[in-house]
Enquirer: 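Quick one: this structure, given as structure tokens, is what I'll be asking you about.
Index from 1, following the sequence. These figures come from a predicted structure and were not determined experimentally. Just the heavy atoms: all of them, side chains too, but no hydrogens, waters or symmetry mates, feed the values below. Read the numbers this way: they start at 1 and go in the same order the structure lists the ligands and their atoms.
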Amino acid sequence: MVEQTLLPAQHEQLAVRTVPEMVDAIYRLAVRGAPAIGVAAAFGVLLGVQDQGGLERGAFLGHAQAVCDELATARPTAVNLFWALNRMRDRLAKDEATGADVPALIGGLFEEAHAIYESDRATCRRMGEIGAELITDGQSLLTHCNAGALATAGMGTALAPMYVAAEQGKKIHVFADETRPLLQGARITAWELMQADIDVTLITDSMAACVMQEGKVDAVFVGSDRIAANGDVCNKIGTYGVALCAQAHDIPFYVVAPLSTIDPSLSDGSLIPIEERPPAEITEGFGRRTAPEGVMTYSPAFDVTPARLVTGLITEVGLLQAPDTESILDALARGEQGAT
Ligand code: MRU
């Protein structure tokens, strides 16, 4: 995988060979972004089972479940992690029911992980095509955090409509919020968009309101880590503020996320578990102390934007205008039908 913590100064590959190494890579944000975390977890299961072909069947099944349990501890918020692990568990259960032996069970898990990877690529492309219809030539967009190719197995979520719009010959400009404290916007989004030859202007998070007030933003596109059944959207800390500013300036606020990011078991966003990150990330980020020793800190990694602030949710089955429980459950049902 790309070691994302070193970007953009260094572009290095990280070899992940064991389950604890995968848990660590996800926790450290070496691999990050909700869909990418899901794909990484699925491949993490393979790391845990690929050499266990010699186990007796019952022991193998117990071991595979323990591997999934271990991977589930990596980070709590992005539901794609648990969604991908559930798909791996479901595949195991399905193959077990057919009486498959251990090598066949391992083969099934390989197939499932690759299917998750491939479907994420296709899903990103589809969301890009749907979202690009909302972008017109000459528009200036704003995004927060990184929801591009490095956050998925494909071309990204929030950045996918931008990539497709650019492919279609539309000239667009993007404001990238730097995204304190870990700077995914500065380090990754700005870098990705520059690689794709899309005009990008880096701003600090606190400048977003100002550029909107100055009339420089036509629409906001962000990704999500978990969406509750009622359409409340959890995304990188700072997204809620961006959504409030967009509403105050009558700017459309779009969320781009695959159905795998929707958690229908949670009725609203207040139930979404929010990861808290270590104090050092805000007191001495990137190795330089910027706050007094011993200061109290609070560092939630994500916030929740209420559904009422979301103009539209772009999924692989279409655009949901002003998403609510009904349209979200309907989209999930259409996704199920498409999958069968
Ligand atoms: O902490 P991170 O970098 O994993 O947070 C990522 C985000 O918040 C993204 O916006 C979200 O996962 C959508 S990604 C396609």
Side-chain angles (χ1 to χ4, degrees), residues 1-7 23 25-41 74-84 120-121 123-128 131 142-163 174 176-193 205 220-227 233-243 253-263 269 272-278 281-282 285 299-305 310 313-316:
M1 308 187 298
V2 174
E3 167 58 84
Q4 296 193 35
T5 62
L6 301 177
L7 288 171
V23 171
I26 294 172
Y27 179 72
R28 288 190 302 107
L29 276 58
V31 56
R32 44 144 299 283
I37 291 172
V39 173
R75 290 184 80 187
T77 302
V79 76
N80 308 63
L81 173 75
F82 311 101
W83 171 87
D120 188 55
R121 292 174 66 78
T123 295
C124 288
R125 176 88 219 168
R126 187 73 200 115
M127 293 188 297
L142 184 140
T143 191
H144 189 76
C145 196
N146 172 262
L150 282 160
T152 66
M155 68 192 322
T157 58
L159 297 198
M162 303 178 193
Y163 289 135
V174 182
D177 286 357
E178 71 172 349
T179 317
R180 281 273 292 154
L182 296 180
L183 307 185
Q184 290 92 330
R187 295 188 302 103
I188 308 177
T189 300
W191 181 78
E192 264 194 34
L193 292 173
D205 301 344
V220 174
F221 285 78
V222 296
S224 173
D225 293 87
R226 195 184 295 223
I227 298 172
V233 169
C234 179
N235 192 45
K236 178 54 56 192
I237 191 76
T239 303
Y240 175 38
V242 172
F253 180 87
Y254 293 111
V255 177
V256 190
L259 296 177
S260 55
T261 298
I262 298 174
D263 183 351
I272 296 173
I274 303 288
E275 176 181 16
E276 269 191 57
R277 299 290 299 180
E281 289 182 358
I282 54 175
S299 186
F302 302 95
D303 60 25
V304 176
T305 297
V310 179
L313 169 61
I314 297 158
T315 73
E316 66 270 37

Enquirer: Within the protein, flag every N or O under 3.5 Å from an N or O of ligand 1, and note the pair and distance.
Expert:
{"from": "ligand 1", "atom 1": "1 (O)", "to": "Arg75", "atom 2": "NH1", "distance (Å)": "3.4"}
{"from": "ligand 1", "atom 1": "1 (O)", "to": "Arg75", "atom 2": "NH2", "distance (Å)": "2.8"}
{"from": "ligand 1", "atom 1": "1 (O)", "to": "Lys236", "atom 2": "NZ", "distance (Å)": "2.7"}
{"from": "ligand 1", "atom 1": "3 (O)", "to": "Arg32", "atom 2": "NE", "distance (Å)": "2.5"}
{"from": "ligand 1", "atom 1": "3 (O)", "to": "Gln184", "atom 2": "NE2", "distance (Å)": "2.9"}
{"from": "ligand 1", "atom 1": "4 (O)", "to": "Gly33", "atom 2": "N", "distance (Å)": "3.1"}
{"from": "ligand 1", "atom 1": "4 (O)", "to": "Arg75", "atom 2": "NH1", "distance (Å)": "2.8"}
{"from": "ligand 1", "atom 1": "8 (O)", "to": "Asp225", "atom 2": "OD1", "distance (Å)": "2.8"}
{"from": "ligand 1", "atom 1": "8 (O)", "to": "Asn235", "atom 2": "OD1", "distance (Å)": "3.2"}
{"from": "ligand 1", "atom 1": "8 (O)", "to": "Lys236", "atom 2": "N", "distance (Å)": "3.3"}
{"from": "ligand 1", "atom 1": "10 (O)", "to": "Asn235", "atom 2": "OD1", "distance (Å)": "2.7"}
{"from": "ligand 1", "atom 1": "12 (O)", "to": "Ala34", "atom 2": "N", "distance (Å)": "2.8"}
{"from": "ligand 1", "atom 1": "12 (O)", "to": "Asp225", "atom 2": "OD1", "distance (Å)": "3.4"}
{"from": "ligand 1", "atom 1": "12 (O)", "to": "Asp225", "atom 2": "OD2", "distance (Å)": "2.8"}

Enquirer: Quick one: does Thr143's side chain have a donor or acceptor within less than 3.5 Å of a partner on Phe221's backbone?
Expert: yes
Enquirer: Compare every heavy atom of Tyr27 with every heavy atom of Glu275, then report the nearest pair and how far apart it is.
Expert: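 Between these two residues, the closest heavy atoms are OE2-CE1, 4.0 Å.
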Enquirer: Looking only at side-chain N and O atoms, does Arg32 offer a donor or acceptor that is under 3.5 Å from a partner on Asn146?
Expert: yes
Enquirer: Please identify each residue that fulfils salt bridge (Lys or Arg N to Asp or Glu O under 4.0 Å) with Arg28, with sequence neighbours left out.
Expert: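 Glu3, Asp24.
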Enquirer: May I ask you to say whether Arg180 pairs ionically with Asp205, meaning some side-chain N is under 4.0 Å from a carboxylate O?
Expert: no
Enquirer: If the test is side-chain contact (heavy atoms from CB on, under 4.5 Å), which one of Thr239, Val256, Val233 qualifies with Ser224?
Expert: Val233
